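The analysis underlying the following values was restricted to heavy atoms, covering all of them including side chains, and did not include hydrogens, waters or symmetry mates. This is a predicted model, so every value here is computed, not measured.
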Amino acid sequence: MRTRARGWRWRRNPLRRRSDTVEAWTVLAVSVLLLLGAPLAGAVAGWWAHDEARAVAVAQRAERHQVRAEVIGKTPDSLPSVSAREHTYRVTVRWTEPGSGTRTATARVPAGTHRGETVSVWFDSRGRSVSPPPNETAVWQHTLAIGGCAAGGAIALVLFGHSVVRGAAARRRMAEWERDWTLTEPQWTHRKA
């Protein structure tokens with residue numbers, strides 16, 4: 001049966017070593033950093049990421065415009081086997097802009113779109129086909145990802161620091177025991193050092 005003496009490293013006693021005190025303070029610091037520091041780091045990073053993502057979204061909404069265009073180019077018969085843009089392909093589309101007349105360009109359209117269908121496409125200020133600007137869901141996904149990674153990184157850093165301190169304390173403790181044993185062994189074994 002084993003009993004636990006809570007806080008034994010904090011109390012004064014002749015068996016308490018300096019490494020025990022260092023470990024006790026380290027456990028306290030690690031607890032505070034894990035409970036307060038890591039969530040705070042995640043919140044601050046998430047807040048910063050949210051502001052940055054919203055600024056990018058606003059800038060892209062100002063620069064990009066959406067048009068309803070008719071697909072006039074030949075569409076592929078089969079879907080691409082690997083596509084980085086969620087199964088889209090490039091085809092020629094045509095739309096009418098007020099005051100400019102009819103315009104034609106190459107744009108990405110969803111897979112399964114056929115000639116003659118009308119689709120929504122996005123263009124930037126230079127007339128290049130671009131992806132739509134991020135919506136509020138994408139901004140929040142970015143915020144949560146950055147905040148979670150920052151909190152996880154803070155936790156990993158704190159735990160790494162704790163393991164370094166514990167390793168150093170264990171090495172010091174072993175050196176203290178070795179030094180004390182070299183003084184005590186001759187008395188127990190009656191050997192001369």
Side-chain angles (χ1 to χ4, degrees), residues 26-165:
T26 302
V27 167
L28 179 66
V30 165
S31 300
V32 168
L33 288 173
L34 288 179
L35 294 175
L36 298 175
L40 184 63
V44 168
W47 189 4
W48 171 81
H50 185 74
D51 290 344
E52 290 295 316
R54 285 192 85 154
V56 167
V58 167
Q60 286 184 358
R61 281 188 204 111
E63 179 187 84
R64 299 174 181 188
H65 63 282
Q66 180 182 21
V67 297
R68 297 286 295 164
E70 178 186 358
V71 177
I72 59 171
K74 180 172 177 5
T75 59
D77 295 331
S78 64
L79 294 176
S81 59
V82 176
S83 176
R85 296 199 183 192
E86 299 177 358
H87 302 294
T88 61
Y89 49 87
R90 299 179 73 77
V91 295
T92 305
V93 295
R94 177 179 52 211
W95 72 98
T96 305
E97 283 189 8
S100 297
T102 303
R103 295 195 55 192
T104 304
T106 302
R108 290 200 168 274
V109 298
T113 305
H114 300 290
R115 180 183 272 171
E117 290 184 27
T118 303
V119 294
S120 294
V121 291
W122 287 84
F123 292 98
D124 64 5
S125 58
R126 293 186 226 161
R128 294 180 299 185
S129 175
V130 293
S131 60
N135 58 12
E136 198 63 26
T137 302
V139 169
W140 277 106
Q141 286 173 343
H142 179 71
T143 300
L144 293 175
I146 296 297
C149 287
I155 289 170
L157 185 65
V158 167
L159 292 178
F160 176 73
H162 179 62
S163 67
V164 167
V165 169

Distance in Å, [X] [atom1] paired with [Y] [atom2], rounded so as to fall on 0.5 Å steps:
X	Y	atom1	atom2	value
Gln66	Ser120	CD	OG	4.0 Å
Arg103	Arg94	CZ	CZ	14.0 Å
Thr113	Arg108	OG1	CZ	12.5 Å
His50	His142	NE2	NE2	10.5 Å
Asn135	Arg61	CG	CZ	7.5 Å
Leu40	Leu35	CG	CG	12.5 Å

Nearest non-hydrogen partners of [X] and [Y], listed with the distance:
X	Y	result
Gly42	Ala150	CA-CB, 4.1 Å
Gly112	Tyr89	N-OH, 3.6 Å
Gly46	Thr143	O-CG2, 3.2 Å

- Task: Walk me through it: do Gln60 and Asp124 pass the test side-chain contact (heavy atoms from CB on, under 4.5 Å)?
- Result: CA-CA 8 Å; Gln60 286 184 358; Asp124 64 5; over 6 Å; no
- Stepwise side-chain contact (heavy atoms from CB on, under 4.5 Å) check, Leu34 with Leu159: CA-CA 9 Å; Leu34 288 179; Leu159 292 178; 4.0 Å; yes
- Item | Partners meeting ring pair (Phe, Tyr, Trp, His ring centres under 6.0 Å) with Trp95 (sequence neighbours left out) |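 Expected list: Phe123.
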- Item | Residue that, paired with Val71, satisfies side chain to side chain contact (heavy atoms under 4.5 Å, CB included) out of Val121, Val93, Thr118 |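 For Val71, the side chain to side chain contact (heavy atoms under 4.5 Å, CB included) test succeeds with only one of Val121, Val93, Thr118, which is Val93.
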- Message: More than 12 heavy atoms of other residues, nucleotides or ligands under 6.0 Å from CZ of Arg64: yes or no?
- Response: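 Yes, the 6.0 Å shell around CZ holds more than 12 heavy atoms from other groups.
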